[in-house]
Amino acid sequence: MTTDHLTAEFQLLRPKLRSYLLRVTASAADTDDLLQDTYIKAVENLAGWRGDASLSTWLFAIATNLAKDHQRARRRWSEKVTDIAREAALADREFFQTTMHIHATSPQGSFEIKEHIAFCFTCIAKSLPLEQQVALLLKEVYEFKVAEIARIMDISEAMTKYYLHAGRVKMVQVFDGRCSLINKEGVCHQCSELNGIFNPRRDTQQELVKISLVREAATAGKEELFDLRMQIVRGIDPFESNSAELQLHHLEFNRKIMESFLKKDGV
């Protein structure tokens with residue numbers, strides 16, 4: 001493979017790699033740095049690529065190694081990140097002013113509940129151990145097979161299956177206990193609250209019933225509801241969606257709040 005061929009293929013995969021790195025790091029700035037580093041490392045090691053794995057698997061392996069090295073020194077987030085960030089947001093006038101300005105002026109400043117569902121997954125997934133978070137993203141969002149994930153993460157298939165099982169079980173439990181969209185006893189109502197703020201003329205219940213996750217919440221099992229949530233996440237590019245600028249601003253705020261929270265509490 002020539003460098004020109006690699007460059008062309010990299011550009012095709014770039015949106016997926018970029019969204020993946022964002023979901024691992026929760027930082028748009030870090031994502032772009034890691035994306036560039038992935039390309040550079042791929043060019044440097046092109047002669048060693050033997051084609052025994054797909055180019056997509058090889059590039060995701062490079063990106064994953066770089067992201068894991070970058071994230072290992074950072075503490076994992078609390079699964080209550082949405083509560084912690086919500087309280088901080090309510091006390092931060094500047095955050096709300098900037099948020100409303102984005103909403104009023106940006107072509108990517110709309111608020112859609114399904115996009116907030118994807119945003120919420122990104123934040124809560126960062127509470128998982130890093131290996132579980134990465135494995136879950138690769139399987140549930142980017143739809144790699146177990147053997148491919150094992151190659152990307154450089155671990156056995158048995159360990160891959162363990163990480164996938166443990167990560168999935170934990171996320172199912174968190175959403176079942178927290179998300180009011182799938183459990184009437186859930187403590188998190190942010191989707192409804194934010195819809196009321198950004199779309200005061202759009203009835204929240206009418207918006208909710210458009211989402212299969214909500215329509216089937218009363219009858220579907222926990223595992224099935226998690227799969228429906230993953231369908232939503234898979235269908236959204238966090239850099240290209242109608243809510244991209246709004247959600248990236250929110251994500252950066254949450255990242256800063258969690259870093260401050262973890263440092264203050266010595267977690």
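Nothing fancy with the numbering, it's 1 onward along the sequence. Note that the structure is predicted; figures quoted are calculated from it, not measured.
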- side chain to side chain contact (heavy atoms under 4.5 Å, CB included) between Arg86 and Glu193, intermediate numbers included: CA-CA 11 Å; Arg86 177 180 180 274; Glu193 291 175 345; 3.0 Å; yes
- Task: Just do the side chain to side chain contact (heavy atoms under 4.5 Å, CB included) check on Tyr39 and Thr7 with the steps written out, would you?
- Result: CA-CA 8 Å; Tyr39 174 73; Thr7 301; 2.7 Å; yes
- Item | Test side chain to side chain contact (heavy atoms under 4.5 Å, CB included) applied to Thr98 and Phe253, step by step | CA-CA 11 Å; Thr98 302; Phe253 178 80; over 6 Å; no
- Task: Please report the C-alpha distance between Ser106 and Glu245 in whole Å, then the side-chain angles of each, then the deciding distance to 0.1 Å, and finally whether the side chain to side chain contact (heavy atoms under 4.5 Å, CB included) criterion is met.
- Result: CA-CA 7 Å; Ser106 174; Glu245 186 175 354; 2.6 Å; yes
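With no hydrogens or angles considered, no side-chain donor-acceptor pair links Glu112 and Ser243 at under 3.5 Å. For the residue pair Thr82 and Arg178, a side-chain donor N or O sits within less than 3.5 Å of a side-chain acceptor on the partner. A donor and an acceptor atom, one from each side chain of Glu115 and Asn242, are nowhere located under 3.5 Å apart. At a cut-off of 3.5 Å, with distance as the only test, no side-chain donor of Thr204 or Ser192 sits close to an acceptor on the other residue.
Heavy-atom neighbours of Phe10 CZ from other residues, nucleotides or ligands within 6.0 Å: above the threshold of 12. For Lys68, the NZ atom is densely surrounded, since the number of other residues' heavy atoms within 6.0 Å is greater than 12. Residue His189 qualifies as enclosed at atom NE2: its count of foreign heavy atoms under 6.0 Å is above 12. Within a 6.0 Å radius of CD in Gln97, more than 12 heavy atoms belonging to other residues, nucleotides or ligands are found.
Distance alone, capped at 3.5 Å, places no donor-acceptor pair between the His116 side chain and the Leu194 backbone. Using a distance-only test at 3.5 Å, with no hydrogens or angles considered, a donor-acceptor pair links the side chain of Gln133 to the main chain of Arg23. With hydrogens and angles ignored, the 3.5 Å screen pairs a side-chain donor or acceptor of Asp203 with a backbone N or O of Gln205. Between the side chain of Lys139 and the main chain of Leu164, no donor-acceptor pair closer than 3.5 Å is present. No donor-acceptor distance shorter than 3.5 angstrom exists from the side chain of Asn254 to the backbone of Val81, with no hydrogens or angles considered. No donor-acceptor pair under 3.5 Å is formed between the side chain of Arg18 and the backbone N or O of Thr31. Side-chain atoms of Ser19 come within 3.5 Å of backbone atoms of Lys16 as a donor-acceptor pair (strictly under, hydrogens ignored). In this structure a side-chain-to-backbone donor-acceptor pair under 3.5 Å is missing from Ser260 to Ile257. Arg215 places a side-chain N or O within donor-acceptor distance of the main-chain N or O of Val209, the cut-off being under 3.5 Å. Listed for the Asn183 side chain is a donor-acceptor partner under 3.5 Å among the backbone atoms of Asp176.
Between Arg72 and Asp69, at least one side-chain nitrogen of the basic residue sits less than 4.0 Å from a carboxylate oxygen of the acidic one, meeting the salt-bridge criterion. A salt bridge does not link Glu148 to Lys145: none of the charged nitrogens lies less than 4.0 Å from a carboxylate oxygen.
Under the ring-ring contact (aromatic ring centres under 6.0 Å, His included) criterion, His70 pairs with no residue, sequence neighbours left out. Evaluation of the salt bridge (Lys or Arg N to Asp or Glu O under 4.0 Å) rule for Glu259 yields Arg255 as partners, not counting sequence neighbours. Asp227 pairs by the side chain to side chain donor-acceptor pair (under 3.5 Å) definition with Arg168, not counting sequence neighbours.
Between Leu17 and Leu59 the shortest heavy-atom distance is CD2-O, 4.1 Å.
Ring pair His249/Phe95 is parallel by interplanar angle, where below 30° counts as parallel and above 60° as perpendicular.
Partner of Phe175 under the side chain to side chain contact (heavy atoms under 4.5 Å, CB included) criterion, out of Leu225, Ile182, Ile117: Ile182 alone.
Between atom CG of residue Leu66 and atom CG of residue Leu21 there is a gap of 8.0 Å, rounded to the nearest 0.5 Å.
Taking the six-membered ring where the residue is Trp, the centroids of His250 and Phe119 are separated by under 6.0 Å.
Arg229 forms no cation-pi arrangement with Phe121, by the criterion of a distance under 6.0 Å to the ring centre and an angle within 45° of the ring axis.
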